[in-house]
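Single-structure report; data block below.
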Amino acid sequence: MAQSTPYYYNAGNSASSTTIDWNNGEIQKLTMVASITTLTLSNPLTIGSIYVLQLVQNNTGGFTITWPGTVKWGDAGAPTLSAANKTDLIILYWDGTNYLGSYSTGY
């Protein structure tokens with residue numbers, strides 16, 4: 001069962017406190033114009049859901065995210081986001097309690 005329409009959603013610009021609501025779509029684009037110190041990921045659908053967060057650094061770049069404790073990273077740890085004018089893809093698997101994260105950076 002898919003999330004509610006639309007599947008892809010432009011979540012706009014980042015702010016120090018940013019919420020990504022998965023009810024808006026399983027793939028979301030967020031333009032980084034500020035570092036995020038409080039990120040909220042809300043409304044995951046069901047266990048086994050996979051979400052993609054497309055992070056686009058603006059022409060200033062260098063913005064960061066403080067990931068919530070519910071996001072668990074593998075041995076490589078949390079991603080270092082790319083520089084100005086680059087895009088990073090964050091893939092999050094919802095296990096019912098936590099998001100298991102992986103990523104590709106520098107597009």
Side-chain angles (χ1 to χ4, degrees):
M1 184 166 126
Q3 294 282 139
S4 60
T5 306
Y7 186 78
Y8 172 85
Y9 179 74
N10 186 337
N13 295 333
S14 65
S16 62
S17 180
T18 298
T19 297
I20 297 296
D21 183 346
W22 297 122
N23 279 331
N24 292 324
E26 296 151 334
I27 300 172
Q28 295 199 29
K29 174 184 175 183
L30 182 65
T31 302
M32 300 295 293
V33 299
S35 290
I36 301 172
T37 55
T38 304
L39 177 65
T40 303
L41 302 171
S42 65
N43 298 313
L45 185 59
T46 59
I47 294 172
S49 294
I50 297 173
Y51 302 101
V52 177
L53 187 56
Q54 177 189 7
L55 301 174
V56 179
Q57 295 277 351
N58 72 2
N59 60 358
T60 301
F63 300 111
T64 62
I65 296 177
T66 301
W67 297 96
T70 55
V71 178
K72 307 299 181 189
W73 302 101
D75 290 339
T80 298
L81 301 183
S82 295
N85 299 311
K86 295 286 186 172
T87 297
D88 302 323
L89 295 177
I90 309 298
I91 290 65
L92 300 168
Y93 171 86
W94 176 245
D95 73 2
T97 303
N98 294 296
Y99 294 94
L100 307 180
S102 65
Y103 53 88
S104 294
T105 60
Y107 294 99

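Basis for what follows: all heavy atoms, side chains included, without hydrogens, waters or symmetry-related copies.
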Identify the heavy atoms of [X] and [Y] that sit nearest to each other, and give their distance.
X	Y	result
Tyr103	Ala78	OH-O, 3.9 Å
Ala34	Ala15	CB-CA, 4.3 Å
Asn43	Tyr51	O-OH, 4.4 Å
Gly96	Ile47	CA-CG1, 3.5 Å
Trp94	Thr46	CD1-O, 3.4 Å
Asn59	Asn85	CA-OD1, 3.4 Å

Quick check: do [X] and [Y] have side-chain heavy atoms less than 4.5 Å from each other?
X	Y	answer
Leu30	Ile36	yes
Thr38	Thr66	no
Ser49	Tyr93	no
Leu89	Tyr107	yes

Measure the [atom1]-[atom2] distance between [X] and [Y] for me, rounded to the nearest 0.5 Å.
X	Y	atom1	atom2	answer
Leu55	Lys86	CG	NZ	15.0 Å
Ser102	Ile90	OG	CD1	8.0 Å
Thr70	Asp95	OG1	CG	10.0 Å
Leu41	Asp21	CG	CG	10.0 Å
Ile65	Thr80	CD1	OG1	11.5 Å
Ile27	Leu53	CD1	CG	11.0 Å

Practice prompt. Please lay out, stage by stage, how Trp22 and Gln28 fare under the test side-chain contact (heavy atoms from CB on, under 4.5 Å).
Written response: CA-CA 8 Å; Trp22 297 122; Gln28 295 199 29; 3.7 Å; yes
Given 3.5 Å as the limit, does a donor-acceptor pair link the side chain of [X] with the main chain of [Y], or not?
X	Y	result
Gln57	Leu81	no
Ser35	Phe63	no
Asp88	Gly106	yes
Ser82	Thr105	no

Worksheet item: Going through the checks in order, is the side-chain contact (heavy atoms from CB on, under 4.5 Å) test met by Leu39 and Ile20?
Response: CA-CA 8 Å; Leu39 177 65; Ile20 297 296; 4.1 Å; yes
Item to complete: Determine, stepwise, if the pair Ser42 / Thr19 fulfils side-chain contact (heavy atoms from CB on, under 4.5 Å).
Response: CA-CA 7 Å; Ser42 65; Thr19 297; 3.9 Å; yes
Worksheet item: Is it true that Trp67 and Tyr99 have ring centroids separated by less than 6.0 Å?
Response: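 Not under 6.0 Å, so no.
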Practice prompt. Might you work through the side-chain contact (heavy atoms from CB on, under 4.5 Å) test for Gln54 and Tyr8, ending with a clear yes or no?
Written response: CA-CA 10 Å; Gln54 177 189 7; Tyr8 172 85; 3.8 Å; yes
